[in-house]
Amino acid sequence: MSVNLVIVESPAKAKTIEKFLGKDFKVVSSFGHIRDLSKKNIGIDIKNGFKPEYIIPDDKKKVVRKLCKEASNASLVWLASDEDREGEAIAWHLAQVLDLPAEKTKRIVFHEITKGAIEKAVTSPRGINISLVNAQQARRVLDRLVGYEISPILWKKVQPALSAGRVQSVALRLIVERERDIISFKPVLSYRLTADFIIDSADKGKAILKAEASKKITREKDARSFLELCAAASYSIDDITVKPGTRSPAPPFTTSTLQQEAYSKLGFSVSQTMAVAQRLYESGKITYMRTDSTNLSQLAVNTAAIAIKEEYGEEYSRPRQYKTKSKGAQEAHEAIRPTYMNKKIIQGTQQEKKLYELIWKRTAACQMSNAKVEKTSIRIAMSNTDTHFLAQAEVVKFDGFLKVYRESSDNNGENGTKTLIPPVKKGMDLKYESIIARERTSLQPARYTEASLVKKMEELGIGRPSTYAPVISTIQNRGYVAREDRPGEPRRINILTLTAGIIKQTGQTEKTGYEKSKLFPKNIGILVNDFLVEHFSNIIDYNFTANIEVQFDKIAEGKKEWDSMLEEFYDPFHRRVSSTLTEANRKTGIRELGADPETGEPVYVKMGRFGPVAQIGDASDDKKPRFASLLKGQLLETIQFKEALELFKLPRKLDEYEGHEMLVGIGRFGPFVKHNNKFYSLKKGVDDPYNITSERAIELIQEKRESDKKKEINRFGDILVLKGRYGPYISYKKKNYKIPKGTDPESLSEEDCLKIIEKNSGSGKKK
DNA sequence: CAGTGAGCGAGCTTCCGCTTGACTT
């Protein structure tokens with residue numbers, strides 16, 4: 001009975017701590033929260049001071065049973081959940097559920113998992129801070145009220161199974177508003193004026209000095225007259241300035257910055273990063289990966305200094321501590337760093353190695369010296385005008401942290417001036433080799449990537465490290481947004497080149513609007529957002545979370561009662577919920593685009609039951625309107641009249657072939673020919689469903705039959721033995737079955753196949 | 001998987017933050 005029981009949130013943490021504390025202590029984990037609001041009704045007794053109805057979720061019952069048993073065997077229980085709002089609540093729920101008497105219970109906290117920190121924590125226990133717990137309850141209840149009162153309105157007024165919430169709805173709003181910025185964006189044309197000057201020095205030979213003119217030009221006419229001026233001018237260097245500067249490293253990783261850098265440097269999605277980091281954490285290679293803190297333990301700072309001096313030399317080491325500056329940070333953990341800085345490389349999968357290396361480098365860099373740079377700018381005057389050219393270069397004099405880590409920049413458009421500056425002197429005369437006026441367009445606002453959305457959410461203080469990845473999944477799962485690529489469109493760029501006094505005009509095609517893995521809003525997402533902006537503008541205000549956080553802080557400080565805070569919020573909120581339910585119209589996003597040239601009937605687009613549709617004519621007793629689904633990527637908001645009419649040209653009938661009609665259409669997987677109930681895909685970039693001929697369709701059918709024949713190993717009536725991408729398999733009545741390992745697919749008889757099918761369909765539970 | 005576009009209105013959907021497995025394909 002003389003055992004000390006320590007309860008922490010994470011099992012990996014429990015394992016480490018147990019080692020530090022010795023055999024008088026048993027350390028177990030609660031696996032996060034052990035109780036939550038009931039899902040029945042709303043889980044809150046609103047009329048009774050917002051009393052929460054807590055239940056233990058099914059997947060937590062086993063843990064709780066175990067904790068109960070351990071607690072009853074212990075003489076002292078140490079609640080060591082994190083030192084933030086959620087952690088305090090976990091401790092409180094544990095005390096409640098495990099029925100721990102006050103004299104048997106101690107609350108301890110530590111911010112880093114080091115022997116010293118834990119030993120110190122044990123010497124200074126405290127009680128549970130009920131004000132902090134109440135702040136968490138207020139947070140939890142408010143989120144439930146918002147989510148569970150608004151979502152059902154969407155089911156009635158927009159579509160079933162949709163959702164709204166304090167965090168997800170703001171994330172969605174960011175994406176929708178950015179798309180609108182792009183839609184209304186008008187590119188501004190201008191000319192970029194660059195020159196290559198020749199430097200001829202006796203000892204080093206010919207070199208090129210690249211420079212850009214100070215002038216802003218928007219019209220081709222002006223670009224041409226400027227080049228004419230250039231042709232007549234003489235050039236000389238009239239000023240050289242050299243400025244020293246320093247660059248300092250970025251702070252160590254938090255969840256959000258890790259997600260951003262893993263995305264841009266390694267191409268990991270946000271959820272992928274978290275999954276890989278989780279494995280590194282569980283195998284003891286890195287510290288906890290869900291954190292908003294940039295704090296490093298003293299131990300980490302010291303070991304980093306040793307590792308850096310050993311690897312790069314004394315002059316590269318510069319120990320630093322960082323202060324967290326993000327909004328609403330709760331600082332329960334350290335920054336994300338390697339557990340052991342002396343391990344630069346680890347064993348593991350490719351992904352684990354890459355992510356670990358990234359974390360190691362970032363951590364090392366933040367404990368390294370500043371880089372010293374020298375910025376040189378050279379001004380080149382023209383003899384016949386005030387306009388001048390400027391050549392700029394930056395030379396790294398001492399690399400410092402840049403030796404291991406360079407943070408990726410957001411604006412991937414501008415490529416920094418990497419030009420080396422040849423030896424030049426003030427007053428030197430120059431000759432140009434070429435001067436180019438190149439047309440360019442201003443860049444449209446950038447669509448969010450998963451990673452840049454996380455960055456924005458963190459700036460606004462919405463979401464927490466543990467929820468960034470899930471929220472991004474939610475808005476995709478609801479069909480509000482999709483991660484997509486866009487091929488971009490070619491655009492003709494005008495170029496004027498001056499060489500040897502002669503101006504030549506040429507052109508070049510550039511790709512504009514190319515997008516890779518960006519978040520695009522979908523029609524239903526836009527409708528939901530607009531509905532929420534219209535009826536719940538205060539909830540999806542970008543400052544809503546920041547404002548209520550101030551209230552939560554007051555509760556945490558004991559300066560405000562949590563039920564009265566909720567009442568102040570709920571009364572006007574619920575009135576708005578009721579009035580929206582009775583008054584708001586159904587939201588379909590309907591737009592009338594024009595009149596059908598054939599019948600004169602109105603043409604609409606709107607959100608239908610199965611997605612966005614175009615419609616010709618109105619429904620009446622004797623007439624049905626015609627419908628056609630919008631194509632993937634077409635928005636109700638931007639689709640043009642002509643594009644809508646195009647949709648009605650499909651499906652299109654072709655000639656008969658082998659006694660069956662051929663039909664061309666566009667389905668979920670793109671354009672197809674349907675023949676005798678079988679589907680044949682059109683070739684991407686080759687065939688066009690609006691113009692494809694019967695001859696070409698027959699060709700496609702025959703090609704597909706040929707390639708299917710090659711896949712076929714054997715056939716018994718309905719049962720097919722086929723060669724697939726992942727090896728041989730059996731196909732029967734549109735279902736596929738794995739062939740057991742070590743079986744020769746050629747030798748399978750009909751009976752064998754039936755056995756396999758029977759065996760595998762018996763256990764096939766469908767979700 | 002390649003359509004549908006309506007309804008008598010059953011019964012369901014949904015939030016945010018803590019934390020990891022338990023299941024198959």
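Below, chain A is the first sequence line, B the second, and so on; all start at residue 1.
Checked against B/dC15, B/dT20, B/dG5, the side chain of A/F627 finds its nearest nucleotide in B/dG5. Among the nucleotides B/dT13, B/dC16, B/dT19, the one closest to any side-chain atom of A/V167 is B/dC16. When distances are taken from the side chain of A/E9 to each of B/dC15, B/dG17, B/dT19, the shortest belongs to B/dT19. For A/E86, the side-chain atoms get nearest to B/dG17 when compared with the rest of B/dT13, B/dT19, B/dG17. When distances are taken from the side chain of A/P152 to each of B/dC16, B/dT14, B/dT19, the shortest belongs to B/dT14. Looking at the side chain of A/F672, the nearest of the listed nucleotides B/dT19, B/dA2, B/dT14 is B/dA2. Distance from the side chain of A/F31 is smallest for B/dG21 among the nucleotides B/dG5, B/dT14, B/dG21.
Per the geometry, NZ belonging to A/K60 stands 11 Å off P belonging to B/dG21, to the nearest Å. As rounded to whole Å, 12 Å separates atom P of B/dC15 from atom CD1 of A/I475. Taking atom CG on A/D618 and atom P on B/dG5, their separation rounds to 16 Å, with Å as the unit. Remark: P of B/dT20 and CG of A/D59 are 13 Å apart, rounded to the nearest angstrom. The separation between A/R35 atom CZ and B/dT19 atom P is 19 Å, rounded to whole Å. Per the geometry, CD belonging to A/Q168 stands 5 Å off P belonging to B/dC15, to the nearest Å. Rounded to an integer number of Å, the gap from CG of A/D292 to C1' of B/dC18 is 14 Å. The distance between atom NZ of A/K61 and atom P of B/dG21, rounded to the nearest whole Å, is 20 Å.
Among the heavy atoms of the strands, none lies under 4.0 Å from A/G87. Counting any heavy atom pair closer than 4.0 Å across all strands shown, A/G165 reaches sugar-phosphate atoms only and no base atom. Residue A/S151 is in base contact, counting any heavy-atom pair closer than 4.0 Å across all strands shown. Counting any heavy atom pair closer than 4.0 Å across all strands shown, A/G665 reaches no nucleic acid atom. Nucleic acid contact class of A/Y604 (heavy atoms, under 4.0 Å, all strands): none. The residue A/Y281 sits close only to the backbone: its heavy atoms come under 4.0 Å of sugar-phosphate atoms, none of a base. Note on A/P625: nothing from the nucleic acid sits closer than 4.0 angstrom, heavy atoms only. Residue-level contact check: A/Q278 touches the backbone only, with heavy atoms under 4.0 Å from sugar-phosphate atoms and none from bases. Nucleic acid contact class of A/A619 (heavy atoms, under 4.0 Å, all strands): none. Residue A/I150 is out of contact with every strand shown, counting any heavy-atom pair closer than 4.0 Å.
One N or O donor and one acceptor, one from the side chain of A/R139 and one from the base of B/dC16, sit under 3.5 Å apart. With hydrogens and angles left out, the side chain of A/R140 and the base of B/dC15 share a donor-acceptor pair within 3.5 Å. Interface remark: the A/S629 side chain does not form any donor-acceptor pair with the B/dG3 base, using a distance-only criterion of under 3.5 Å.
Taking for each of A/D36 and A/S10 the nucleotide of DNA chain B with the nearest heavy atom, the 5'-most of the two is the partner of A/D36. Comparing A/K606 and A/G147 by the nucleotide of DNA chain B whose heavy atom lies nearest to each, the residue mapping closer to the 5' end is A/K606.
Classified by interplanar angle (parallel below 30°, tilted 30° to 60°, perpendicular above 60°), the ring pair A/Y657/A/H675 is tilted.
Stacking annotation: A/Y148 is stacked on the base of B/dT14 (ring centroids less than 5.5 angstrom apart, interplanar angle below 30 degrees). Stacking of the aromatic ring of A/W155 onto the base of B/dT13 is found: the ring centres lie under 5.5 Å apart and the planes are inclined by under 30°. By the stacking rule of 5.5 Å between ring centres and under 30° between planes, A/F610 stacks on the base of B/dT4.
A cation-pi arrangement is present between A/R144 and A/Y148, with the terminal nitrogen or guanidinium carbon under 6.0 Å from the aromatic centre and inside a 45° cone about the axis. Taking the ring centre of A/Y542 as origin, the terminal cationic atom of A/R173 falls inside the region bounded by 6.0 Å and 45° from the ring axis.
A sub-4.0 Å separation between OP1 or OP2 of B/dT20 and a side-chain N or O of A/R290 is present. Of the side-chain N and O atoms in A/K39, none sit less than 4.0 angstrom from OP1 or OP2 of B/dT13. OP1 or OP2 of B/dG5 has not a single side-chain nitrogen or oxygen of A/R626 nearer than 4.0 Å. Taking 4.0 angstrom as the limit, A/S466 places a side-chain polar atom (N or O) nearer than this to OP1 or OP2 of B/dC18.
Between the side chains of A/S10 and A/Y281, at least one donor N or O lies within less than 3.5 Å of an accepting N or O. Side-chain contact of A/Q278 with A/Y288: a donor-acceptor pair under 3.5 Å is absent, judged by distance alone. In this model, no donor atom of one side chain and acceptor atom of the other lie less than 3.5 Å apart for A/N529 and A/Y480. Side-chain atoms of A/Q476 and A/E450 include a donor-acceptor pair closer than 3.5 Å. Donor-acceptor pairing under 3.5 Å is lacking for the side chains of A/E334 and A/H111.
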